[in-house]
Amino acid sequence: MKIAVVGAGLTGLKAAKELSEYASVVVFEPEDIGGLVASYEGVEKFYHHCFRDDDFLLEEIKRSGLNSKLVWRIAKTGFAANGKIYPLNTPFEILRYPLLTFGEKIRLARFTLKSRKLNYENFDDIGVIEGIRRELGEGLLERFFMPLLRSKFGENAEEVSYAWLLGRVAIRSNRKYSGEEIGYIRHGFQQLVDKMAEGLEIRKERARIRKNAKWEVNGEQFDAVIYTAPLPELGELGEKLGISEIRYQSSVCALVGAEETLTENIYWTNIVDRMSFGAVIEHTNFMLYEDYGIHLIYLASYSTPDGYLFNLSDKEIERLFLSDLKKLGFNTDSIKWMKIFKAKYSGPIYERGYRRKITPYRVADGFYIAGMTSRPNYPERSMNGSVRAGYEVAEQVKKDFL
Ligand SMILES: Cc1cc2nc3c(=O)[nH]c(=O)nc-3n(C[C@H](O)[C@H](O)[C@H](O)COP(=O)(O)OP(=O)(O)OC[C@H]3O[C@@H](n4cnc5c(N)ncnc54)[C@H](O)[C@@H]3O)c2cc1C
């Protein structure tokens, strides 16, 4: 049996690895292997960390012999407002945070507890703005949730469903007293990608798929195709197969090497004021500075493939980012280099009604879809969700063919 896997991100690599024992598998990938988790000179182009409950991902790390390199730390978070940065981790810091009233803080705590018990599927057709305004009021919406939503969805923040927010709060509310513990493979997730790719036949080609008697990829016949690339890339074939139209967001991210840090020990700072980036992620406030010899700071922003920010040149983005870094009080003279990375399709927009569009694994005889639009990647697309989707689609193929 011959199987084509389209895309060598975590989903494609996992599916290919699971099936290569039983079939002849060819992976098609025109870019660097690893997809969104791929690295630039040993550092992820886009900030990445994992969580304690990432069962499929952690199992894969173990199998790849990288367990001893997995580091867990409490990641400090903060909010930047009116040119000041407020750490927001311990109950004491939260109590002292001046942008929310005491009443709002209590309402927020109650909401977090309540969201764990709600069946969030019932809220899929309600917009996030409407839901928060109704449940929590204008103050929490403007001064707490909008900055978070902007850091996650950028220009698309207002289109997200309330179900997404409830699901997200529910999975992320098991925090420790002093903050959330997150994990990282010392020296980078690329090591995992490389291990997963070992022994696979990977062709550096963009896949062009056609349906004949069998499935044809770049002129070669296959019994089955597992498609893990972004859905819009399917073009007409997607329409023919009746695949739901899913809107994607794009990422615009700067990786900065600097001699100074923005904050002393905060990993993730959400930006409350409107700026060209929604979050600052200080990698070397989490991982060892000594591993790099320079402070590594990500400036994260989301746009859409036809959005304003995504279509600016790297130079223009750099200028915007530098000017906003200055407003945060950062000494931009300490910057040694800045590299801009863009991903056109970096995740689905979890807009109203999204849950009905989640793709099944088998969409036609011999044609499978897995990845960021699969069930394990809702309400949060993640490395874990993609490894799991890769595993589950391989199980489906085995059931159908073997
Ligand atoms: C800014 C950012 C930060 C993130 N941070 C985290 C984090 O901290 N923790 C976490 O768990 N997750 C994080 N993620 C999510 C995580 O990176 C993804 O969910 C996961 O890597 C997706 O893997 P995938 O294989 O499903 O998709 P992708 O990685 O998108 O892989 C799809 C592959 O298909 C290829 N492709 C496209 N078109 C074709 C074609 N025609 N033919 C062949 N190949 C094609 C692409 O080049 C790509 O390599 C982050 C994502 C982003 C964008």
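These figures come from a predicted structure and were not determined experimentally. Counting starts at 1 for both ligands and their atoms, following the listed order.
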| query | Should Ser251 be listed as contacting ligand 1, given a heavy-atom distance under 4.0 Å as the test? | reply | yes

| message | Can you tell me if Tyr302 contacts ligand 1 (heavy atom of the residue under 4.0 Å from the ligand)? | response | yes

| field | Candidate pair Ile182 and Arg73, rule side-chain contact (heavy atoms from CB on, under 4.5 Å), full reasoning | value | CA-CA 6 Å; Ile182 58 172; Arg73 300 239 166 91; 5.7 Å; no

| task | Flag the pair Tyr391 / Phe56 as yes when their ring centroid distance falls below 6.0 Å, and as no otherwise. | result | yes

| Hey, would you say the Tyr361 and Tyr368 ring centroids sit under 6.0 Å apart? | no

What atoms of ligand 1 come within less than 4.0 Å of a heavy atom belonging to [X]?
X: Glu31; answer: 47 (O)
X: Ala207; answer: 40 (C), 41 (N), 42 (N), 43 (C)
X: Phe28; answer: 43 (C), 44 (N)
X: Gly7; answer: 33 (C), 34 (O), 35 (C), 43 (C), 44 (N)
X: Gly35; answer: 29 (O), 48 (C), 49 (O)
X: Ala229; answer: 34 (O), 36 (N), 37 (C), 38 (N), 39 (C), 45 (C)
X: Met383; answer: 9 (N), 10 (C), 11 (O), 12 (N)
X: Ser382; answer: 10 (C), 11 (O), 12 (N), 19 (O)

| remark: Shortest non-hydrogen pair, Thr263 vs Thr269, comes out as CG2-OG1, 4.0 Å

When you compare ligand 1 with [X], is there at least one nitrogen or oxygen pair between them that comes in under 3.5 angstrom?
X: Asp32; value: no
X: Asn377; value: no
X: Val37; value: no
X: Gly371; value: no
X: Thr11; value: yes
X: Thr228; value: no

Which is it for [X] and ligand 1 at heavy atoms under 4.0 Å: side chain, backbone, both or neither?
X: Ser386; result: side chain
X: Pro230; result: side chain
X: Glu233; result: side chain
X: Tyr47; result: both

| note | To the nearest 0.5 Å, atom CG of Leu57 lies from atom CG of Leu192 at 6.5 Å

| query | Nearest 0.5 Å, what's the CZ-CG distance between Arg247 and Asn156? | reply | 6.0 Å

| message | Given 3.5 Å as the limit, does a donor-acceptor pair link the side chain of Lys45 with the main chain of Lys342, or not? | response | no

| request: Look only at the side chain of Trp215 and the backbone of Asp365, and say whether a donor-acceptor pair between them is shorter than 3.5 Å. | output: yes

| said: With ring-ring contact (aromatic ring centres under 6.0 Å, His included) as the test, pick out the partner of His49 among Tyr267, Phe189, Trp72. | reply: Tyr267

| said: Which residue is it: Tyr298, Tyr184, Phe277, Phe341? I am looking for the one with a ring-ring contact (aromatic ring centres under 6.0 Å, His included) to Tyr47. | reply: Tyr298

| When you check the side-chain N and O atoms of Asn89 and Thr77, is any donor under 3.5 Å from an acceptor? | yes

| said: Assess whether a salt bridge exists between Glu264 and Lys76, defined as any Lys/Arg side-chain N lying under 4.0 Å from an Asp/Glu carboxylate O. | reply: no

| task | Between Val6, Leu36, Ile209, flag the one that comes closest to atom 29 (O) of ligand 1 by a heavy atom. | result | Leu36

